[in-house]
Colleague: 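Right, I'll just put the structure down here and ask away after.
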Amino acid sequence: MTAVALQLVPKLAHEKRVFGGSGERLELLRGDQPAPEAEAARWNEVLEGCDLRRKLIEIDRHVFTAHRYFVRVTWDEVDRRVRLTLFAPNRVWPMFPPDVYDIARASGVLLGLSPVWVNEREVKRFEFWTAGESPRNVIVDDAGAVLSGDTHEEQDDSGASIVPLVSFSDVDEDAGYWLVPDEELIDAARAVNVQETNRQHVMRMQGYGQWVAQPDGGANPQEWEGELVFGPEELAKTPRGWRLEHIAQQAQLEALKSGTESYLRQYATLSNVTPGSLTAEARQVPSGFALSVERFPTVEEREERARLFARSVQRLLAVVRWVWNIHNPTAAIRGVTERWTPG
């Protein structure tokens, strides 16, 4: 039996996405006014070089299920651009001061990198960042031996060293820094996939009907004359006095499909999503106002998530600009602020 996946999680993440809207703006300001055109154009090139918009959409999708995700900002000397790399929570180990859960104030962070093979042996690698008076960026193996790296130059506009890592979360940090993934969402996706897999299996097994042979020799099979033979040389060979019929199965496919759609509608309603967006059912909406009212819970939840993301986006834009300035002193962008407006 082949499993069927309905992609419930990606669809819900798309419906509740914060980034990538048509009205989204990433602006550079000098004071309260837009930055000069030449400076703004250079800033846009920096953002396009690090593929910021696509990265934000990807972060949003991961945060939707994991509630927290990280992005590291580094300089790519080969391509001469800022590079953004995403890290799952299980690959990040920050060192916080007592009672502080702000990645921008972490004294150090350990990141899990992809392993490499050396002399036919897998070597696990970790990247260690520290800030302060002696900032370091080294790559070590699982035994603690330094493989590469030394000090680093990443710093903010004031000259203070930074750990170029930004955390995104759709839950307030007062609720806890390390959050449990959305198990209810995962369970819902599994339930829908099991129901649809069962329906496909029933359709496959019962969709071809059944051959039934009925002899006229009485009710006792021992009194039946001859023997019914199926292929391979002949499709079916029946002795005299036998009737061969093909009976269609009454598979309850519509009932099974209706059950899945009913579950999806109920789950969508409880998740503040328009049910039709999950079931893809054709329907008529009385008016645009009625549609706005129907989608209000989704819009409200997006606005709440946007407020939770705003600080992280602001920090990420600042770190991108700081990293660019350190490695491009002649084209540095200083004395400005960044502003993100969700779509």
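The structure presented is a predicted model; accordingly, all values stated were derived computationally and were not measured.
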Colleague: May I ask you to decide if R305's main-chain N or O and D170's side chain share a donor-acceptor pair within less than 3.5 Å?
Modeller: no
Colleague: Could you name each residue pair satisfying salt bridge (charged side-chain N to carboxylate O under 4.0 Å, His left out) that touches residues 308-331, not counting sequence neighbours?
Modeller: D102-R311, D157-R321, R321-E338
Colleague: Does one hydrophobic cluster hold both V73 and V109, with members joined at side-chain heavy-atom distances below 4.5 Å?
Modeller: no
Colleague: For Y101, which residues count as a ring pair (Phe, Tyr, Trp, His ring centres under 6.0 Å) partner, sequence neighbours excluded?
Modeller: F96
Colleague: Decide if atom CD of E304 counts as having more than 12 heavy atoms of other residues, nucleotides or ligands within a radius under 6.0 Å.
Modeller: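 Counting neighbours around CD of E304, more than 12 heavy atoms of other residues, nucleotides or ligands fall under 6.0 Å, so yes.
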Colleague: According to the salt bridge (charged side-chain N to carboxylate O under 4.0 Å, His left out) rule, which pairs have a member within residues 110-122, sequence neighbours left out?
Modeller: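 Sorted pair list comes back empty.
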Colleague: Using the ring-ring contact (aromatic ring centres under 6.0 Å, His included) rule, collect all pairs that involve residues 137-156, keeping only residues at least two apart or in two chains.
Modeller: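 Qualifying pairs, neighbours excluded: W129-H152.
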Colleague: To which residues is V118 joined in a hydrophobic cluster, defined by side-chain heavy-atom contacts under 4.5 Å among Ile, Leu, Val, Met, Phe, Trp and Tyr, whether direct or through other members?
Modeller: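 Noted: V118 shares its cluster with V116, V123.
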Colleague: Other than F128, which residues form its hydrophobic cluster under the rule that side-chain heavy atoms must be closer than 4.5 Å?
Modeller: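 The other cluster members (ILVMFWY side chains, heavy atoms under 4.5 Å, direct or chained) are W93, M95, L110, F126, V138, V140, V146.
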Colleague: Once side-chain contact (heavy atoms from CB on, under 4.5 Å) is applied, do any residues pair with A160, and if so which ones, sequence neighbours excluded?
Modeller: D156, S158
Colleague: Provide the full list of salt bridge (charged side-chain N to carboxylate O under 4.0 Å, His left out) pairs with a residue in residues 73-85, sequence neighbours left out, each pair given once.
Modeller: D76-R83, E77-R80, D79-R81, D79-R83
Colleague: Fit a plane to each ring of H62 and Y69, take the angle between them on a 0 to 90° scale, and name the class: parallel (under 30°), tilted (30 to 60°) or perpendicular (over 60°).
Modeller: parallel
Colleague: Scan residues 130-143 for pairs that pass side chain to side chain donor-acceptor pair (under 3.5 Å), counting only residues two or more places apart or in two chains.
Modeller: E127-N137
Colleague: Donor-acceptor check, side chain of S258 to backbone of E254, threshold 3.5 angstrom: yes or no?
Modeller: yes
Colleague: For R91, which residues count as a side chain to side chain donor-acceptor pair (under 3.5 Å) partner, sequence neighbours excluded?
Modeller: none
Colleague: Check the pair V71 / V319 against side-chain contact (heavy atoms from CB on, under 4.5 Å), numbers first and verdict last.
Modeller: CA-CA 11 Å; V71 54; V319 174; over 6 Å; no
Colleague: Under the side chain to side chain donor-acceptor pair (under 3.5 Å) rule, collect the residues that match up with R30, sequence neighbours excluded.
Modeller: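 Residues passing side chain to side chain donor-acceptor pair (under 3.5 Å) with R30: E39.
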Colleague: For the side chain of R53 and the backbone of E48, is there at least one donor-acceptor N/O pair under 3.5 Å apart?
Modeller: no
Colleague: Sequence neighbours left out, what passes salt bridge (Lys or Arg N to Asp or Glu O under 4.0 Å) with E58? Give chain and number order.
Modeller: R54
